[in-house]
Amino acid sequence: MTSRREQILDTAATLFAERGFHGVSMHDIGGACGISGPALYKHFTGKDDILTRSLTAISEHLLAGGRSRSDAVASAETALDALIDFHTEFALDHPALIVIQEREWANLGIQGRRDVRALQLAYVDIWVDTVRRLRDDLDAAEARAVVQATFGLLNSTPHSARISEDAMRSRLGRMARAALKA
């Protein structure tokens, strides 16, 4: 069951992705959630706080999910498959968060940027460690470049041609595996 706070974050992310951060008011967010704009202040200090918490929450989710999937398996090969499947699911299920991450980064406060970036780098490191276990030909910098390029591929879903979700999931998985192992 989704909490009111999660509903607000999800709704705001969708609105920010559609209209841009500056094109959305607290009143717009409240209206889309079925509450008054001022009632949002029970949950958040303002629109900046909503943006920061949206990006922080999803970065925490990715980090926790990446860790659990990587730790739950014995081999690097299986860990890589689990990470690809996990991130592909995220990309297909949360395109609005990908869009606001790309487009609204500059609207995060300094501390929000630091917090989100630290979480993101920790998530990337899980992938880098997994790739390096499979690819002894890559040093850490090269593995990071391969992983980040693969994220570009997976995170392109908000801009990709629309095919069925199952077909897209399968195609993205194959492409990501090929990119990481090339």
**Q** For Glu102 versus His159, what's the shortest heavy-atom pair and its separation?
**A** OE1-NE2, 3.2 Å

**Q** Could you list the residues that satisfy ring pair (Phe, Tyr, Trp, His ring centres under 6.0 Å) with Phe21, not counting sequence neighbours?
**A** Phe16

**Q** Pairs under 3.5 angstrom only: tabulate donor-acceptor contacts from the side chains of residues 140-155 to other protein residues two or more places apart or in another chain.
**A**
{"from": "Glu142", "atom 1": "OE1", "to": "Asp139", "atom 2": "N", "distance (Å)": "3.1"}
{"from": "Arg144", "atom 1": "NH2", "to": "Asp125", "atom 2": "OD1", "distance (Å)": "2.4"}
{"from": "Thr150", "atom 1": "OG1", "to": "Val146", "atom 2": "O", "distance (Å)": "2.9"}
{"from": "Asn155", "atom 1": "OD1", "to": "His87", "atom 2": "NE2", "distance (Å)": "2.8"}
{"from": "Asn155", "atom 1": "ND2", "to": "Phe151", "atom 2": "O", "distance (Å)": "3.4"}

**Q** Shortest non-hydrogen contact from Ala79 to Thr130?
**A**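 Residues Ala79 and Thr130, closest heavy atoms: CB-CG2, 3.9 Å.
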
**Q** Answer yes or no: is there a side-chain heavy-atom contact under 4.5 Å between Arg4 and Ile35?
**A**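 Yes. Closest side-chain heavy atoms under 4.5 Å.
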
**Q** Just by distance, do the side chain of Arg135 and the backbone of Ala182 share a donor-acceptor pair under 3.5 Å?
**A**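 Present.
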
**Q** Tell me every residue that passes side-chain hydrogen bond (donor to acceptor under 3.5 Å, both in side chains) with Arg19, counting only those two or more places apart in sequence or in another chain.
**A** Asp28

**Q** With Glu89, which residues qualify under salt bridge (charged side-chain N to carboxylate O under 4.0 Å, His left out), at least two apart?
**A** none

**Q** Could you pull out the closest heavy-atom pair between Cys33 and Ile8, with the gap in Å?
**A**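 Nearest heavy atoms, Cys33 then Ile8: SG-CA, 3.7 Å.
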
**Q** Can I get a per-line list of side-chain donor-acceptor pairs under 3.5 Å for residues 54-61, giving both atom names and the distance, sequence neighbours left out?
**A**
{"from": "Ser54", "atom 1": "OG", "to": "Ile50", "atom 2": "O", "distance (Å)": "2.9"}
{"from": "Thr56", "atom 1": "OG1", "to": "Thr52", "atom 2": "O", "distance (Å)": "2.8"}
{"from": "Ser59", "atom 1": "OG", "to": "Leu55", "atom 2": "O", "distance (Å)": "2.8"}

**Q** What pair of heavy atoms forms the shortest contact from Arg177 to Asp81, and how long is it?
**A** NE-OD1, 2.8 Å

**Q** Please tell me if the side chains of Leu138 and Val128 come closer than 4.5 Å, counting only heavy atoms from C-beta onward.
**A** no

**Q** Which heavy-atom pair separates Ala122 from Arg67 by the least distance, and what is that distance?
**A** CB-NH2, 4.5 Å

**Q** Search all heavy atoms of Leu15 against all heavy atoms of Val24 and return the closest pair with its distance.
**A** O-CG2, 3.5 Å

**Q** Using a strict threshold of under 4.0 Å (side-chain N to carboxylate O), is an ion pair present between Arg53 and Asp49?
**A**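 Arg53 and Asp49: salt-bridged.
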
**Q** Got Ile126 and Arg69 here, is their nearest side-chain heavy-atom distance under 4.5 Å?
**A**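 With C-beta onward as the side chain, the pair stays apart.
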
**Q** Let me have the donor-acceptor pairs involving side chains of residues 90-98, under 3.5 Å, with sequence neighbours excluded, atom names and distances please.
**A**
none

